[in-house]
Amino acid sequence: MSTTTTTTAENAAQLRFPPNVQYNASRTYTVKFLSSCFAGAVAGVLGLQNWLGFALFVLATLLTSACLYVKCKARPAKYMAGGWWELVNPGQENIFSFVLVWTLFYGMFLGITPSLHLMLFFVVSVMTTGIVHVYD
Amino acid sequence: MSGDTVSLYLDSQIRDWVLFPITLVMILVGVLRHYIVLLLQSAPKKQPKEVIREQRALVRSQILRATASSSPIPPTYYKSISQYLSQAFADGTYLKDGPPQGDAPTTPPNPLTDPAAMDGMMAGMKTQMVMMVPQMVIMGWINFFFQGFVLIKLPFPLTLGFKSMLQRGIETPDMDVRWVSSLSWYFLNFFGLNGLYRLILGNENAADSSRDMSTPFAAAAAPQPGQAQDYNKLFKAERDNLEFSEGLHSWVAKDADTRILQKYGRPIPTS
């Protein structure tokens, strides 16, 4: 950064290469969508209700943004427009996806015992970490 | 929480034959909608050379202005390009009908009668029709076949106001709002599948339902770009912008020699 130019928001926006920004944005969108789907699956399988389910959604969002932060090498402004809020924000459509998948799995596993809940939870979480690890 | 222990036991066939089919049908119809919209879109009409030149001239000056405050080109070149463009805009050399004759007031073409603008509006309305019809059809289908029984229990509570909408066809005044009918499953899918469409169809897909909500507002603004605009006025405005940016212009490599000397701590010659 030269000392004679001030880094206005416009200058910062110019320094980011647009096709790269777009690619980053779509990748992060995909990651956020997948994480909200899997969070929904976990919430449904565990049989979480009411605010517990939404708490899991918040937790999943925080976990996702932490992972994205690490991928950004702690400089989110360098990789996408909007800085850290862009990282954390789960996107307005993903909350509906979360509710959809949560309802689906909750309805499917309504009549099972708690021990079976736990077993299914482990299976789903192992699958989740496996898929996310492979994808990223 | 006493209501929690009393719960209905649903036949698993309901799950197999209603839950998954509705979701599957909605996904497939969404994909179908996307491809139909793609097929219906006519290719953009080929514009004559003058029209394109007009548009490109504007873009050229905008590109020049965009980097004015930390410009990669030295002042002499910037000023010469900027002044050339400014002069060209004033003379009207880039206008598609040639420089304006006399001072007859140029009226922008009426959007209703200009054929180019009509095409744009028709295309917008066609896409809207295609979007709305499948939704109506699916809602009718669900109401006809999957009516009168409880489908699923929502994992979160809702107020009683939602009861009439979500439990349509089930006449029980006492049942918890969390037991809902198939229509509410349709609504859940309607909102929740946008992310999935984006995943499988890419970013610019036509199956997105959030676009449906915003199109009535966007369609009013959409037919305008480029067709009904008076380029003469635009060029005049662009001249002012060019002048303003010329004032702002600052070369990135300005005084580069002095800066390098400063950086390495050498004395700066004072002449």
Side-chain angles (χ1 to χ4, degrees), chain A residues 1-15 18 22-23 25-27 29-37 40 43-57 90-112 135, chain B residues 1 4 7-12 14-16 18-20 22-23 26 66-72 150-158 178-180 184-185 187-200 202-204 208-210 248 250-256 258-259 262-263:
Chain A
M1 279 289 157
S2 77
T3 49
T4 54
T5 55
T6 50
T7 325
T8 59
E10 218 179 83
N11 285 352
Q14 266 174 37
L15 286 171
Q22 219 178 358
Y23 176 76
S26 71
R27 276 287 288 258
Y29 186 84
T30 310
V31 166
K32 283 180 195 161
F33 172 70
L34 285 178
S35 86
S36 58
C37 278
V45 159
L46 277 181
L48 294 180
Q49 305 199 29
N50 305 342
W51 68 270
L52 277 177
F54 289 113
L56 184 76
F57 179 66
Q92 76 190 49
E93 299 172 341
N94 291 336
I95 193 163
F96 285 119
S97 309
F98 168 76
V99 169
L100 173 71
V101 181
W102 181 22
T103 310
L104 179 70
F105 277 86
Y106 183 80
M108 285 208 294
F109 301 115
L110 259 187
I112 62 176
Y135 185 77
Chain B
M1 296 288 274
D4 240 29
S7 71
L8 303 179
Y9 187 67
L10 292 176
D11 192 355
S12 71
I14 293 184
R15 185 188 71 217
D16 296 338
V18 182
L19 211 58
F20 296 134
I22 292 185
T23 308
M26 286 187 73
T67 54
S69 51
S70 53
S71 176
V150 152
L151 179 65
I152 200 171
K153 181 177 176 195
L154 292 179
F156 51 90
L158 285 172
R178 298 166 67 165
W179 294 100
V180 292
S184 71
W185 180 240
F187 281 126
L188 270 180
N189 271 295
F190 183 71
F191 289 118
L193 284 176
N194 291 334
L196 189 67
Y197 292 144
R198 209 155 154 181
L199 206 59
I200 43 184
N203 249 340
E204 292 291 322
D208 213 343
S209 69
S210 62
L248 271 185
S250 148
W251 190 27
V252 185
K254 187 169 162 199
D255 295 334
T258 325
R259 280 196 266 143
Q262 258 178 350
K263 186 174 169 188

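Each chain gets a letter, A, B and so on, in the order the sequences are listed, and its residues count up from 1. Below, each value reflects all heavy atoms present in this structure, side chains not excepted, and no hydrogens, waters or symmetry copies. Quick caveat: nothing in here was measured; it's all calculated off a predicted structure.
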- Evaluate the side-chain contact (heavy atoms from CB on, under 4.5 Å) criterion for residues B:I152 and A:Y106: first the C-alpha distance (whole Å), next the side-chain angles of each, then the deciding distance (0.1 Å), finally the verdict. CA-CA 9 Å; B:I152 200 171; A:Y106 183 80; over 6 Å; no

- Name the region of A:L104, side chain, backbone, both or neither, that has any atom closer than 4.5 Å to a heavy atom of chain B. both

- Any chance CZ of B:F20 has more than 12 other-residue heavy atoms, nucleotides or ligands included, within less than 6.0 Å? yes

- What part of B:L188 gets closer than 4.5 Å to chain A, counting heavy atoms only: side chain, backbone, both or neither? both

- Query: At what distance, to the nearest 0.5 angstrom, does OH of B:Y197 lie from CZ of A:F33?
  - Reply: 10.5 Å

- Message: Quick check: closest heavy atoms across A:S97 and B:G192, and the distance to 0.1 Å?
- Response: OG-O, 3.0 Å

- Quick one: does B:W185's side chain get under 4.5 Å of A:L100's, heavy atoms only? yes

- Task: Could you look at A:F98 and say if it's the side chain, the backbone, both or neither that has a heavy atom under 4.5 Å from chain B?
- Result: neither

